[in-house]
Amino acid sequence: MKKAEKVTEEKSKGGFKERRKECLTSANKIPTVDIKGKKYSTVNERHRHLLQYFPEARFNEEILFHDNERVVVKTELYISDTIYAVGHAEEHRNANFINKTSAMENCSSSALGRCIAAFGLSGSEYASAEELVNALNNQGNNKQVSINEQIKKQTTETKLTALYSNWKKENDSIEKIFESQQKSIQTNGGQNAKQW
């Protein structure tokens, strides 16, 4: 019997359908984390759960776009030679501190998580725990409109001067915090200093 015939026969006997049904109905056993009162599962835990039922599963990841500003990744789930789910993700390199160095890794993980969710393993929410944390962090960043945008929105000289004054105070205080921390490191030693 050829491999393709065996796969087709297994599917027709309900092997795949039964395993998928069991995989999805046991998804409530996937460990979760609580974020703002809702339960979210990590991509790693959902991936592990999927492989328990489909050890032959494989993922094909494709970087659709990347430059200095953003990354777009597509991930496909194959079981045997059949594609069962696709997930896409986009990350902006300036979205948060981590994305400045790891936007590609975050995008890859998000695309994998969305692909697994498209297969049906999304738990109580479609987004993974990592995606939600990232989104919450980005919301905080989005509330702070860039100073360039704020300057462009000012319609009077008084408002413009007030904006500059507030911006200067805020940045001066940040500069003082950096200077204070720098003095502390110089006085007490850095990361490798002995702790008594």
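Note that the numbering runs from 1 along the sequence shown for the chain.
For residues 92-108, the set of pairs meeting the salt bridge (charged side-chain N to carboxylate O under 4.0 Å, His left out) definition, not counting sequence neighbours, is empty.
A cation-pi contact, defined as under 6.0 Å to the ring centre and within 45° of the axis, links Arg70 to Phe65. Judged by the 6.0 Å distance and 45° axis criteria, Arg20 is positioned over the aromatic ring of Phe119.
A donor-acceptor pair is defined here as one N or O able to donate and one able to accept, closer than 3.5 Å; such a pair exists between the side chain of Asn99 and the backbone of His92. Panel note: side chain Ser108, backbone Met104; no donor-acceptor pair is recorded below 3.5 Å. The closest donor-acceptor contact from the side chain of Ser26 to the backbone of Cys23 lies under 3.5 Å.
Residues forming a salt bridge (charged side-chain N to carboxylate O under 4.0 Å, His left out) with Glu22 (at least two apart in sequence, or on another chain): none. With sequence neighbours excluded, no residue forms a side-chain contact (heavy atoms from CB on, under 4.5 Å) with Asn68.
Ion pairing between a basic and an acidic side chain is recognised when a charged N comes within 4.0 Å of a carboxylate O; Arg19 and Glu56 show such pairing.
Using a 4.5 Å heavy-atom cutoff, the side chains of Ser110 and Glu91 are in contact. Contact of the Val73 side chain with the His88 side chain is not registered, since no non-hydrogen atoms from C-beta on lie closer than 4.5 Å.
Residues Val71 and Val43 do not share a hydrophobic cluster, clusters being chains of Ile/Leu/Val/Met/Phe/Trp/Tyr side chains in contact below 4.5 Å.
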- Check against side chain to side chain contact (heavy atoms under 4.5 Å, CB included), Ile63 and Val72: CA-CA 6 Å; Ile63 299 167; Val72 179; over 6 Å; no
- side chain to side chain contact (heavy atoms under 4.5 Å, CB included) assessment of Val86 paired with Thr75: CA-CA 6 Å; Val86 177; Thr75 300; over 6 Å; no
- Task: Kindly indicate, with the supporting measurements, whether the criterion side chain to side chain contact (heavy atoms under 4.5 Å, CB included) is fulfilled by Ile83 and Asn60.
- Result: CA-CA 10 Å; Ile83 188 168; Asn60 181 40; over 6 Å; no
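When ring centroids are compared, Tyr84 and Phe54 stay outside the 6.0 Å threshold.
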